[in-house]
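For reference, the structure is listed below as structure tokens.
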Number of protein chains: 2
Amino acid sequence: MADRDSKGAVRTITDLARLAGVSPGTVSRALAGKSLVNAKTREKIEGLAREHGFRPNQMASGLRRQKTGVIGVVIPLGHDTRQQISDTFFMTLLGFLADELTSEGYDLMLRRVVPGTDPDWLDRFIGSGMIDGAIVIGQSDQYDRIEDVADGYGPLVVWGNHTEGQRHCVVGTDNRLGGRMAAERLIAAGARRIAFLGDTTAIEFAARFAGAQDVAQRMGADIIALPTHLSPERAGEEIAAHLAAHAGVIDGIFAATDTLAALALTTLRERGVAVPDAIKLVGFDDLPIARQTVPPLTTIRQDIAAGARGLVDLLLRRLAGETTESLILPPELIVRETA
Amino acid sequence: MADRDSKGAVRTITDLARLAGVSPGTVSRALAGKSLVNAKTREKIEGLAREHGFRPNQMASGLRRQKTGVIGVVIPLGHDTRQQISDTFFMTLLGFLADELTSEGYDLMLRRVVPGTDPDWLDRFIGSGMIDGAIVIGQSDQYDRIEDVADGYGPLVVWGNHTEGQRHCVVGTDNRLGGRMAAERLIAAGARRIAFLGDTTAIEFAARFAGAQDVAQRMGADIIALPTHLSPERAGEEIAAHLAAHAGVIDGIFAATDTLAALALTTLRERGVAVPDAIKLVGFDDLPIARQTVPPLTTIRQDIAAGARGLVDLLLRRLAGETTESLILPPELIVRETA
DNA sequence: ATTCCTGTTGCAAACGTTTGCAAGAACGCT
DNA sequence: AGCGTTCTTGCAAACGTTTGCAACAGGAAT
């Protein structure tokens, strides 16, 4: 139907106007569904448009209207360059974001940046003129830079951790509370010497650790942080080394992520350590994998779908000129069999 | 540094030109690194640009140059509307694609479409003028439509299955061969009555099943297809039902996906069926989860990173005007402990 | 001094839409 | 017939870049 072959391909609104015997302006109005165009002309134009498979050029439209209908989504790869972008959690969030944005009529432009090599990443993206607003997935170690930019640019929402008095609008789980819940569970299950697996230079993880510390201190338990990268390749070895080094002394593990928890679980099995009998284990996220490990993971659930909805909702409101508060989602303890 | 505050914000190339005391054209040439501009003028312009945090508007540039620097990535959600976009395999592929495209200087525009409700999805995306080329992730049940479009549009590459005489350029694993390898392994391990778990209306899965059939027939084993959706929620029940219905008669399972295999594994455990003693199991993909199940999955590996590289490489060549052949990647049998 | 380069610059016309403004048409009213 | 409405439409100026063409300057060669 869309005649790619016939002599005069209809590429522009002007072509279509000539065909319909009207002016480009009228075609534009007809296609945009404005009320100021006669019903019959509109029908004719729409018919021709359909017949020739015509689609208005979004670049031109964007330029003229000074809005693009595109939302930028950035994943800053702060510490763990290689991993993050295929991290299950972020990817799932991205999937939900795509759904939400699509159903609001926006397109999604995905950009992966390495802040180390490009300190200007956020300004560059925002200033490109290609996007109406931006969502940053994960603060990584770029908290300060985001703060800087947020002052001068409205339509920006960030997934991550909320800190007292911060200026950028964030959506995220209450990580500190989540950390508390994890530690409480571990201690209730009998653990007294707890290890935290994760990279505490990432602000979200630091908050989870801090929460666990709160509780440990209050309940008279020990807790130490064992720095662990996120990417399975590196994490595997690191966890093995940690567990070997602390064999026998640890009786509880709080993993910053279900992925790490699952890794710890297999490592423990290899070492012949019984979970939860010898060591209790709690993860974080409640990814699908949490249900599939043996035994299934006790974990702290983040509501990813709600997070995506919140991000998009807040961004749209900011796009409309509102000023919005951050949105902190409650974590939820999911008790399965590892603690 | 980027003076958002000072009276005259520098938003356009014309602003910058006025500041530098030259014409907009010269600024454009300077910033584009063309050779026809005097070294001193260039320096001055670049300095001012940096100082004011100026970035040329990509919409305008795109409109004028008739190219956008953006590659569209579409995921058609054919059968299993809800799932696919958070499917681990696709998401991982997407991650690698983002990496590859970024390092080639392209941006990535992600679009999720439901072909059922929008039969025009591919034309619409391509015709939008927003993208220089498109990558389709997964043929889903849209094979014919893709074929139609591919005739008239060059810069299009698809991830999926290759069929004899097809007209669109595809990158993908040799699914049929993968299916053969899986069946061979199952039969070598002693299985004779094999069940295939997956949705054979999806062309990739159909090919995997066909490969397995080839081998089963040749080696005198039985194989039946048990239709199973991809999304864990639905698949869980379906698998449970399948296994209950065929209890005792099946001694081998070929799962179309590691996710399904993992699900089958937990279901089998719940039913008290020993793997691999009573039932052999082979998955497909070699996702991270394959390593983490108990026992770890024997599976057919797809090289996702190579796939992404291939997709981008071919697309770039087509963008440059070459005509390219499809790229079929070899699957690899990874023997672990389930078969 | 004239001519012919070469290297830099400015001018202005695109790219394909959208939209304020004004003009025209059609109609009803007095 | 004249006037005022209400709908439709066309005109042309934007939006911010890029780029072919022409112009100009400063030398070098004659």
Quick one: closest heavy-atom pair of A/A30 and A/V37, and the distance? CA-CG1, 3.9 Å
With salt bridge (charged side-chain N to carboxylate O under 4.0 Å, His left out) as the criterion, how do A/D15 and A/R18 come out once you've worked through the C-alpha distance, each side chain's angles and the decisive distance to 0.1 Å? CA-CA 5 Å; A/D15 296 340; A/R18 195 175 327 113; 3.3 Å; yes
From CD1 of B/I13 over to C1' of C/dC15, roughly how many Å is that when rounded to an integer? 15 Å
Touch class at under 4.0 angstrom, heavy-atom based, for A/K67 against every strand present: nothing
Residue A/T14, side-chain heavy atoms: nucleotide from C/dT17, D/dC15, D/dT17 that is nearest: C/dT17
Among D/dG10, C/dG10, C/dC15, the one nearest B/V22 by side-chain distance: C/dG10
Atom CE of B/M59 and atom P of C/dA14: how far apart are they, to the nearest Å? 23 Å
Checking all strands, does B/S28 fall into the base, sugar-phosphate, or nothing category for heavy-atom contacts under 4.0 angstrom? base
The single option from B/I71, B/V136, B/L319, B/V171 that satisfies side-chain contact (heavy atoms from CB on, under 4.5 Å) with B/V157 is B/V171
Can you check the B/K34 NZ to C/dT8 C1' distance for me, whole Å? 15 Å
Do you know which two heavy atoms are closest between B/V170 and B/S326, and how far apart they sit? N-OG, 2.9 Å
Ignoring backbone atoms, establish whether A/Q58 has a side-chain N or O less than 4.0 Å from OP1 or OP2 of C/dG16. no
Closest to the side chain of B/R29, out of C/dG10, C/dT19, D/dT8, is C/dG10
